[in-house]
Student: 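Sharing a structure here in structure tokens format.
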Amino acid sequence: MNPKSEKIPFSIHRMIRQNLSKRNLTVSWLARKINIRPISLHQQLDRSTLQVNRLWSICQALELNIFQEIANRLERENQSQKAVEKGMELSQIDAEVDGLKKRIELLENENKTLKEVISLLKG
């Protein structure tokens with residue numbers, strides 16, 4: 001497969017800019033932090049690609065693990081693909097996950113109640 005034809009399902013550049021914005025930081029601040037000129041970083045963040053070593057230094061400067069976000073999104077995409085291969089819709093998986101979360105919550109509440117009853121019986 002031609003690497004140029006593959007599309008990343010999210011923008012790493014946008015993620016970096018959003019993180020800066022949330023922290024009230026500027027691209028110029030980040031550029032100084034990673035020892036490059038602000039105009040160079042602006043240009044790099046406007047391109048469709050970003051070198052791994054540059055992304056690494058940005059992650060370190062922002063104390064942000066973009067690689068983990070990429071891994072999480074790849075995992076979700078792989079799970080979705082596997083589900084499609086098995087004939088399951090993503091909405092079915094989400095519904096199943098929601099049901100399991102509710103069941104966990106009910107079981108945790110039941111466990112808490114039983115612990116309280118046991119402590120009352122002992123006291």
Student: To the closest 0.5 Å, what do you measure between CG (N35) and OG (S57)?
Tutor: 9.0 Å
Student: What are the two closest non-hydrogen atoms of L41 and A31, and how far apart are they?
Tutor: CD2-N, 3.6 Å
Student: Does any part of the side chain of R14, heavy atoms only, come nearer than 4.5 Å to the side chain of L45, both counted from C-beta?
Tutor: no
Student: If hydrophobic clusters are built by linking Ile, Leu, Val, Met, Phe, Trp and Tyr wherever their side-chain heavy atoms come under 4.5 Å apart, do L30 and W56 end up in the same one?
Tutor: yes
Student: Using 0.5 Å steps for rounding, measure from the CZ atom of F67 to the CD1 atom of I12.
Tutor: 8.0 Å
Student: Does CD in E63 sit with more than 12 non-hydrogen atoms of other residues, nucleotides or ligands closer than 6.0 Å?
Tutor: no
Student: Working note: I66 + N19, criterion side chain to side chain contact (heavy atoms under 4.5 Å, CB included); need CA distance, chi angles, decisive distance, verdict.
Tutor: CA-CA 10 Å; I66 293 173; N19 190 276; over 6 Å; no
Student: Can you check whether N109's main-chain N or O pairs, donor with acceptor, with T113's side chain at less than 3.5 Å?
Tutor: yes
Student: Would you check if L100 and E96 make a side-chain contact, meaning some heavy-atom pair closer than 4.5 Å?
Tutor: yes
Student: Is a side-chain donor or acceptor of H42 paired with a backbone partner of V27 at a separation under 3.5 angstrom?
Tutor: no
Student: Just wondering, are more than 12 heavy atoms of other shown residues or ligands nearer than 6.0 Å to CD in E116?
Tutor: yes
Student: Could you walk me through whether I104 and E108 pass side chain to side chain contact (heavy atoms under 4.5 Å, CB included), step by step?
Tutor: CA-CA 6 Å; I104 288 170; E108 286 173 345; 3.6 Å; yes
Student: With rounding to the nearest 0.5 angstrom, report the CD to NZ distance, Q60 to K33.
Tutor: 10.5 Å
Student: Could you check L62, T26, L64, I58 and say which one makes a side chain to side chain contact (heavy atoms under 4.5 Å, CB included) with L20?
Tutor: L62
Student: Is K101 paired with E105 through a side-chain N to carboxylate O contact shorter than 4.0 Å?
Tutor: no
Student: Quiz question: by atom type and distance under 3.5 Å, do the side chains of Q68 and N72 form a donor-acceptor pair?
Tutor: yes
Student: Can you tell me how far CG of L107 sits from NZ of K112, rounded to the nearest 0.5 angstrom?
Tutor: 15.0 Å
Student: In terms of hydrophobic clusters joined by side-chain contacts under 4.5 Å, are L106 and L114 together?
Tutor: no
Student: Looking at side-chain heavy atoms only, is the closest gap between Q79 and E75 below 4.5 Å?
Tutor: yes
Student: Minimum heavy-atom separation for M15 and E69, please, with both atom names.
Tutor: CE-CG, 3.3 Å
Student: Would one find more than 12 heavy atoms of other residues, nucleotides or ligands at under 6.0 Å from atom CZ of R37?
Tutor: no
Student: With side chains defined as the heavy atoms from C-beta onward, is the minimum distance between L50 and I16 less than 4.5 Å?
Tutor: yes
Student: Answer yes when R103 and D98 have at least one side-chain N-carboxylate O distance shorter than 4.0 Å, and no when they do not.
Tutor: no
Student: Find the distance between CD (E77) and CD1 (I70) and round it off to the nearest 0.5 Å.
Tutor: 12.0 Å
